[in-house]
Amino acid sequence: MFTGIIEAIGSIRAMTPKGGDVRVYVATGKLDLGDVKLGDSIAVNGVCLTAVELPGDGFWADVSRETLARTAFVDLKPGSAVNLEKALTPTSRLGGHLVSGHVDGVGEIVARADNARAVQFKVRAPRELARYIAHKGSITVDGTSLTVNAVDGAEFELTIVPHTLAETIMVDYQAGRKVNLEVDLLARYLERLLLGDKAAEPKASGLTESFLAEHGYLNK
């Protein structure tokens, strides 16, 4: 588990094909690896990776085909900057929100505009994730815990303050960039709970419009 509070900006130093997937070396910059052991988890742009080698100034991790297919990791290359966060410990401050490091989908930056000293971003999420994104709710973008300021269909807006711009890779975001999205865990669990006994039925993966109408949720 993670908090979505980025601890350092690192960079991809190497990506090596290995047995059908990829082994990646992440240089971790100012991230303190003193308490990191082999097998520990580190979030890289919101993707939970397992450290399999610790050469000193970074770590090697294996990236599966599943991860490459479902995240924006496939767009990274040696030299790409990445957000880094070590796994949550029992004594950590929960400054953001609970983040699993399991990416739900890939979004796209569709607009960027200055807003005083902050920057306003508009992001388009995959259609199937729109129901989990709420005004003033939480969302994780490339591992960064953020508050949704407005929602319009599958698009949502973020206002990024100077500190977050300075401490994350968001300063480099421009229209067209692909980003990893993880929706709020509570929204996922609430959806499953609302299914009730239907959750045990095959392919009961989410709330359909017909289910919501049948139970009167669309009229409330």
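Just so you know, residue 1 is the first one in the sequence shown, and it goes up from there.
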Quiz item: Do L186 and S138 touch side chain to side chain, with heavy atoms closer than 4.5 Å?
Solution: no

Exercise. Starting from the C-alpha separation in whole Å, work towards a yes-or-no answer on side chain to side chain contact (heavy atoms under 4.5 Å, CB included) for F73 and M15.
Key: CA-CA 11 Å; F73 221 94; M15 298 185 77; 4.3 Å; yes

Quiz prompt | Pair listing, ring-ring contact (aromatic ring centres under 6.0 Å, His included) test, anchored in residues 17-65, at least two apart | solution = Y25-W60

Self-check item: Inter- and intrachain pairs under ring-ring contact (aromatic ring centres under 6.0 Å, His included), touching residues 107-130, at least two apart
Solution: F121-Y173

Please name all residues satisfying salt bridge (charged side-chain N to carboxylate O under 4.0 Å, His left out) with [X], sequence neighbours left out, ordered by chain then number.
| X | result |
| --- | --- |
| D62 | R23 |
| D104 | R188 |
| D172 | none |
| R112 | none |

Practice problem: Could you check L146 against T140 for side chain to side chain contact (heavy atoms under 4.5 Å, CB included), going step by step and ending with a plain yes or no? | Solution: CA-CA 6 Å; L146 299 168; T140 306; over 6 Å; no

Can you name the nearest heavy-atom pair linking [X] to [Y], along with the distance?
| X | Y | value |
| --- | --- | --- |
| R117 | P162 | O-CG, 3.4 Å |
| V123 | V110 | N-CG2, 4.2 Å |
| A130 | G153 | CB-O, 3.9 Å |
| E108 | G176 | OE2-CA, 3.5 Å |

I'd like to know if [Y] and [X] are part of one continuous hydrophobic network [Ile/Leu/Val/Met/Phe/Trp/Tyr, side-chain heavy atoms within less than 4.5 Å].
| X | Y | result |
| --- | --- | --- |
| V36 | V63 | yes |
| V151 | I109 | yes |
| L68 | I12 | yes |
| L165 | V179 | yes |
| L84 | I5 | no |

Quiz item: Restricting to pairs with a member in residues 153-171, which pass side-chain hydrogen bond (donor to acceptor under 3.5 Å, both in side chains), not counting sequence neighbours?
Solution: K30-E167, Q120-E157, Q120-T159, R124-E155, N149-T159

Quiz item: Can you list every side-chain hydrogen bond (donor to acceptor under 3.5 Å, both in side chains) pair that touches residues 8-19, not counting sequence neighbours?
Solution: R13-D57

If you measure from [atom1] on [X] to [atom2] on [Y], what distance do you get to the nearest 0.5 Å?
| X | Y | atom1 | atom2 | value |
| --- | --- | --- | --- | --- |
| R192 | L195 | CZ | CG | 6.0 Å |
| D32 | E7 | CG | CD | 9.0 Å |
| E182 | T71 | CD | OG1 | 12.5 Å |
| L88 | S100 | CG | OG | 12.0 Å |

Quiz item: Just by modelled atom types, is the A72 backbone N or O under 3.5 Å from a matching donor or acceptor in the N180 side chain?
Solution: yes

Side-chain donor-acceptor pairs of residues 39-52 under 3.5 Å, sequence neighbours excluded:
{"unit_1": "D40", "atom_1": "OD2", "unit_2": "K37", "atom_2": "N", "d": "2.8"}
{"unit_1": "N45", "atom_1": "OD1", "unit_2": "N83", "atom_2": "N", "d": "2.8"}

Quiz prompt | Sequence-distant partners of K86, side-chain hydrogen bond (donor to acceptor under 3.5 Å, both in side chains), two or more places apart | solution = D35

Practice problem: Please determine which of T28, I9, L76, I169 meets the side chain to side chain contact (heavy atoms under 4.5 Å, CB included) test together with V82. | Solution: L76

Quiz prompt | Where at least one partner belongs to residues 67-83, residue pairs that pass salt bridge (charged side-chain N to carboxylate O under 4.0 Å, His left out), sequence neighbours excluded | solution = E66-R70

Quiz item: After noting the C-alpha distance and the side-chain angles of E85 and T3, does the key distance pass the side chain to side chain contact (heavy atoms under 4.5 Å, CB included) rule?
Solution: CA-CA 8 Å; E85 182 191 355; T3 69; 2.9 Å; yes

Quiz item: Can I139 and L158 be said to form a side chain to side chain contact (heavy atoms under 4.5 Å, CB included), step by step?
Solution: CA-CA 10 Å; I139 193 163; L158 306 166; 4.3 Å; yes

Exercise. Could you work out the complete set of other residues in the hydrophobic cluster of I6, with links drawn between I, L, V, M, F, W and Y side chains under 4.5 Å apart?
Key: none

